[in-house]
Amino acid sequence: MPNDTGPNFQQNASRALDDQQLRKNFKFAMGNFILKRKQIFSDESETEQLRQIGNTIKQRALSQLPQLLERLEQNCSRNGIRVHWAETTAEANQQVLRIMNANEANRLVKGKSMVSEEMGLNEFLQERKIEVVETDLGEFIIQLNDEKPSHIIVPAIHKNKQQIADIFHQKLPDTPYTEDVEELNAIARRTLRQKFYRAQVGLSGVNFAVAETGTLCLVENEGNGRMSTTVPPIHIAVMGLEKVVERLADIPPMLRLLTGSATGQLITTYVNMITSPRKPGEKDGPKEVHLIILDNGRSAILSDPQLRQTLQCIRCGTCLNHCPVYTRIGGHAYGFVYPGPIGKILNPQIEGLKKAGELATASSLCEACAEVCPVKIPIPQLLRRLRNESYTSEHLATVKDGGCKKNLMETIAWKGWEIINTHPQINAIGNKIMSRLGARLPRIGPLKQWTRYRTAPKLAPKSLHQLVDEEGIRHE
Amino acid sequence: MPQESQKPEKVYYFGTCLMDSIYPEAGLAGLKLIQREGVQVIFPREQSCCGQPAYNSGFPKEAQKVALKQIRLFAENYPIVVPSGSCAGMMKHHYPLLFEGDKNLQRVQQFSERVVELSEFLVQSLDIQLADRGQPIKVTWHSSCHALREMHIIEYSKALIRQLQNVELVELQNEHECCGFGGTFAIKQPKISGTMVADKVSDIRQTGAERLLAGDCGCLMNISGAMDYQNVSIRTQHLAEFIWERTHAK
Ligand code: SF4
C-alpha cells in the first residue's frame with residue numbers, strides 16, 4: 001500500500017519477476033497486442049503521417065486548453081449536459097455523491113474509466129453504502145476478486161482463462177466451474193443484465209470531448225458502455241481535463257489512432273457520441289447527463305512546456321504492451337493507477353517525486369514506447385527530465401518534491417565523472433590504475449548490483465588511446 | 001553506386017569511453033577499416049566520453065561540460081565517425097536537446113550534423129566491398145535500441161554481415177527488444193535488468209549461433225557478462241572487429 005514514501009517498487013517488481021505464471025500471462029498477451037497493432041498499422045509511412053496528425057491535434061488542443069474547456073462547457077450546457085469542475089479527486093467523488101443523493105440513488109453501474117480509478121471512486125461510494133458494479137468484463141472480473149486493473153485497456157490481462165474460471169466459480173453464487181469462454185461470457189452477461197436494469201446511475205469515462213459541439217466520445221467493444229450511458233436514468237461522465245479536442249473533424253484520425261494502437265482494430269464495435277440527454281419524443285437515453293472535469297495536478301503539468309506533452313496521452317496502452325519492463329513485471333508492481341511507460345511519467349508528476357519518483361528509474365530508455373506512441377510523446381526524454389528534477393535543488397525544480405533525491409554520494413560521483421572526462425591526463429591515469437586492479441576491485445556499490453547477474457567487465461591492458469598512439473594515428 | 005564525391009578525404013574518429021577501456025581492439029578495428037579504404041583518420045587525443053551516462057541519469061549540467069569538451073576537440077568540418085549507435089545517437093540527436101537555449105547551440109548543431117555511425121559510413125559513404133577470408137561460421141546479431149530507434153542504421157550493419165560470404169546470419173526472435181543494459185538502469189533496477197539480459201541470453205542460445213555480434217559496447221558488456229556468469233560459451237564481438245578479423249590480409 002502506498003505510504004509517505006510510496007510503494008516499494010523494487011520489492012513489488014521482484015515478486016512479480018518470480019511469479020512464473022504472471023510472466024507467462026503477460027508475455028503471451030503483450031505479444032498478441034504487438035502483433036495486432038503491427039497488422040493494422042502495416043504501412044509505415046502512413047502510420048507515421050497519422051501519428052504526426054495525432055500529435056498536432058493534441059498539441060493544438062493543449063496550447064489553448066483553458067479556452068477549449070470553456071467552449072466545451074458552454075456547448076455542453078447548451079445541449080443540456082451539466083458540467084462540474086473538480087480540482088481534486090476528493091471534490092470529484094463528492095460531486096458524484098451529490099448527484100446520487102439528489103436522486104436518492106444507491107445503485108451505480110460503471111463503464112471502464114481510468115479517471116474513476118484515479119479518484120478511488122469505488123471505495124469512496126462503497127463506504128457510503130452505495131452499490132458499485134463494474135460492467136466491463138475485465139473490470140467485472142477483478143472487482144469480483146477485489147483487485148486493481150493491471151493494464152489501462154485490459155484490466156484483467158494478468159489473469160488467464162483458468163484463473164478467471166476459478167474466480168467466477170468461487171465469487172458468483174451457484175456458478176459451476178467452466179473454462180468455456182462462451183459460457184463464462186454468458187455468466188457475466190446474465191449477472192450484469194440484472195444490474196443494468198436496477199441501476200439508477202450509470203458512470204462512464206470519456207475518450208475525447210469535442211469543444212466545438214459539446215460531444216462526449218466513448219469507444220468500447222462490449223456494449224456495456226452504451227448500456228451504462230443509456231439504460232439508467234442518469235449518466236455521469238468523468239474525464240481528465242486533457243481529454244478535450246477542438247473540432248469534430250479531429251475525431252476520425254484520433255479514433256483511428258486510438259483503436260489501432262489499443263487493440264489493433266480499425267474501429268471498435270461501439271462508438272458512442274453523446275451530445276445530450278434524452279430529448280422529448282426520444283425513446284431511450286438518460287434523463288440527465290453530467291460531465292465531471294477533473295484537474296488533479298494536470299494544470300500544473302500544463303504550465304511546463306516540456307512536461308505538458310504528458311497530457312497528449314490518449315490512454316491507448318500501447319506503450320505498456322511494447323515496454324520490456326511492463327511485459328515482465330505487469331501492472332500491479334508499479335503500485336499506482338497508471339502502470340507502464342505512461343505511468344512512469346504521469347504518476348511522479350501527479351503524486352510527487354518522493355512517492356513516485358523511483359518509477360522514473362525503471363527504464364532502460366530503450367525508446368520502444370516512443371516509437372509506437374500514437375501522439376508521439378517523447379517518453380524517454382520526459383523520464384530524463386524527471387530524473388533530473390529528482391536531483392535539482394527545490395527552488396529550481398518545477399515538479400512536486402523536486403530535489404528530494406539529492407544526495408552527496410551521487411553528486412560527488414557525477415562531479416568526479418565530469419572531471420575525469422574533461423581532463424585527459426587524469427582519465428589516462430585512472431584507466432591504468434583500473435586495468436591493473438582489474439579483478440581485485442571490491443564488489444561494492446554499483447559493481448555489487450552489476451555482478452548479481454553478470455561477471456564484472458574486464459578492463460583491457462592497453463586503452464584505445466594507447467593503441468592509437470602505437471599505430472601512429474594522427475591526432476591533428 | 002555512391003558518387004566519388006561522397007567519400008571524404010579525412011574523417012574524425014570518436015572511440016567512445018567503453019571502447020577505450022574495455023574494447024580497444026574493436027575501436028582500433030573500426031578505425032583501420034576506414035583507413036583501408038583510403039580515408040585519413042584523425043583521432044583527437046583528448047577525447048573521452050559522449051556524456052550519455054550523466055545525461056541519462058539526471059545530471060545534464062555535468063553531461064554538458066563533457067559534451068562541450070568533445071565539441072571543441074572535433075572542430076574542423078570533417079565527418080565524425082562513431083562506432084556505436086548509442087553514442088552516435090547521443091551526439092547526433094541529443095546534443096541539440098541538451099544545449100537547447102544555450103549560447104553554444106549553433107556550434108553544437110554544426111557538430112551534430114557531422115556525426116555518422118560506423119556501419120552507415122562504411123556502406124553509404126565508402127561503399128565498402130568486403131572479401132571474406134574466414135572459416136564458415138554461424139552468427140547472430142543484437143540490435144542496440146539506439147542504433148535501431150534513434151540512428152536507424154541496423155540495415156547497414158546487417159548489409160555488412162551479409163557481404164561476408166562464409167558467414168551465416170541467424171536472426172534473434174526478439175531482436176527489437178532491449179538487452180536490459182540502459183546504463184545506470186542496470187544498477188538502479190538490478191533485478192529487472194538482470195531478467196531482461198537473461199531472456200536475451202536464452203534468445204541468443206536458441207539460434208545455435210557460435211558468436212553474437214553487436215555494434216554497441218554497452219550491450220556487449222552486458223550480454224557477455226551475463227553469458228559468462230551463466231557459463232554460456234558463445235563469444236561476443238563488436239561488428240567492426242569481426243569484419244576486420246575476417247577481411248584483412250595477415
Ligand atoms: S503515452 Fe502514448 S502510447 Fe502510452 S498510453 Fe498514452 S498515448 Fe498510448
Side-chain angles (χ1 to χ4, degrees), chain A residues 10 13-14 17 324-325 328-329 358 360-368 370-371 381 384 386-392 405 410 414-415 417-418 420-422 424 427 431 434-435 445-446 449-460 462-469 471 473-476, chain B residues 13 15 17 19-25 27-28 31 40-46 48-49 51 53-60 62 65-66 69 76 97 145-146 149-150 176-178 180-199 221-222 225-226 228-229:
Chain A
Q10 291 220 10
S14 170
L17 289 168
V325 175
R328 286 177 176 75
I329 66 174
E358 191 182 2
T361 70
S363 165
S364 64
L365 306 177
C366 78
E367 301 262 348
E371 189 180 38
Q381 202 53 14
R384 289 186 184 96
L386 290 172
R387 289 177 184 185
N388 177 231
E389 291 282 335
S390 312
Y391 296 112
T392 320
K405 284 211 288 181
E410 274 186 281
W414 287 111
K415 196 72 203 165
W417 171 89
E418 177 202 313
I420 289 171
N421 284 295
T422 45
N427 199 357
N431 251 336
M434 293 287 275
S435 74
Q449 299 306 340
W450 178 266
T451 51
R452 279 172 62 187
Y453 300 94
R454 316 160 187 83
T455 54
K458 293 171 199 62
L459 274 76
K462 279 184 190 169
S463 70
L464 178 61
H465 275 79
Q466 286 171 288
L467 295 186
V468 161
D469 268 347
E471 292 279 330
I473 307 292
R474 288 189 55 181
H475 299 299
E476 194 152 279
Chain B
Y13 193 72
C17 62
M19 278 191 160
D20 192 40
S21 54
I22 301 176
Y23 297 97
E25 295 293 344
L28 192 65
L31 193 156
Q40 194 181 23
V41 181
I42 312 291
F43 185 91
R45 182 181 259 134
E46 300 203 341
S48 53
C49 168
Y55 177 68
N56 282 353
S57 304
F59 292 82
E62 289 77 0
K65 297 239 173 68
V66 172
K69 173 90 187 169
E76 296 300 325
L97 299 173
C145 295
H146 296 164
R149 289 184 268 266
E150 283 182 351
H176 292 187
E177 198 175 67
C178 178
F181 176 54
T184 42
F185 169 68
I187 309 299
K188 300 238 168 185
Q189 300 295 342
K191 187 156 173 178
I192 301 174
S193 167
T195 309
M196 284 165 73
V197 71
D199 289 348
M221 185 171 84
N222 183 40
D228 221 20
Y229 187 86

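We name chains A, B, ... by the order of the sequence lines, and we start the count at 1 in each one.
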Interface moiety of [X] toward chain A, non-hydrogen atoms closer than 4.5 Å:
{"X": "Tyr55(B)", "result": "both"}
{"X": "Glu76(B)", "result": "side chain"}
{"X": "Glu46(B)", "result": "both"}
{"X": "Ser57(B)", "result": "both"}
{"X": "Val197(B)", "result": "side chain"}

At a 4.5 Å cut-off on heavy atoms, which part of [X] comes close to chain B: side chain, backbone, both, or neither?
{"X": "Leu365(A)", "result": "both"}
{"X": "Glu371(A)", "result": "side chain"}
{"X": "Asn421(A)", "result": "both"}
{"X": "Arg328(A)", "result": "side chain"}
{"X": "Thr361(A)", "result": "both"}

Give the member of [options] that has the highest number of heavy-atom pairs under 4.5 Å with chain B.
{"options": "Arg387(A), Gln10(A), Arg384(A)", "answer": "Arg384(A)"}
{"options": "Lys405(A), Gln381(A), Glu358(A), Gln466(A)", "answer": "Gln381(A)"}
{"options": "Ile473(A), Thr455(A), Asp469(A), Leu386(A)", "answer": "Thr455(A)"}
{"options": "Ala13(A), Ala368(A), Ala360(A)", "answer": "Ala368(A)"}

How far does [atom1] of [X] sit from [atom2] of [Y], to the nearest 0.5 angstrom?
{"X": "Ser193(B)", "Y": "Ile187(B)", "atom1": "OG", "atom2": "CD1", "result": "8.0 Å"}
{"X": "Cys145(B)", "Y": "His176(B)", "atom1": "SG", "atom2": "NE2", "result": "10.5 Å"}
{"X": "His146(B)", "Y": "Glu367(A)", "atom1": "NE2", "atom2": "CD", "result": "5.0 Å"}

Heavy-atom pairs under 4.5 Å with chain A: which of [options] has the most?
{"options": "Cys178(B), Ala226(B), Pro190(B)", "result": "Pro190(B)"}
{"options": "Arg45(B), Glu177(B), Glu150(B), Glu25(B)", "result": "Arg45(B)"}
{"options": "Leu97(B), Thr184(B), Thr195(B)", "result": "Thr195(B)"}
{"options": "Gly27(B), Gly182(B), Ser48(B)", "result": "Ser48(B)"}
{"options": "Pro60(B), Ala198(B), Gly15(B)", "result": "Pro60(B)"}

**Study point:** With sequence neighbours excluded, residues passing ring pair (Phe, Tyr, Trp, His ring centres under 6.0 Å) with Tyr453(A)
**Key:** none
**Study point:** Residue list, ring pair (Phe, Tyr, Trp, His ring centres under 6.0 Å) with Trp414(A), at least two apart or on another chain
**Key:** Trp417(A), Phe59(B)
To check you understand the geometry: which heavy-atom pair defines the closest contact between [X] and [Y], and what is its length?
{"X": "Leu31(B)", "Y": "Phe43(B)", "answer": "CD1-CD1, 4.2 Å"}
{"X": "Lys458(A)", "Y": "Ile22(B)", "answer": "O-CG2, 3.5 Å"}
{"X": "Lys69(B)", "Y": "Pro424(A)", "answer": "NZ-CD, 4.0 Å"}
{"X": "Ala186(B)", "Y": "Gln449(A)", "answer": "O-CB, 4.5 Å"}

**Study point:** Glu418(A) and Lys415(A) ion-paired at < 4.0 Å
**Key:** yes
Check your understanding: Salt-bridged, Lys188(B) to Glu410(A), with N to O below 4.0 Å?
Key -> yes
Exercise for review: Classify the side-chain pair Lys65(B)/Thr422(A) by whether it contains a donor and acceptor separated by less than 3.5 Å.
Suggested key: no
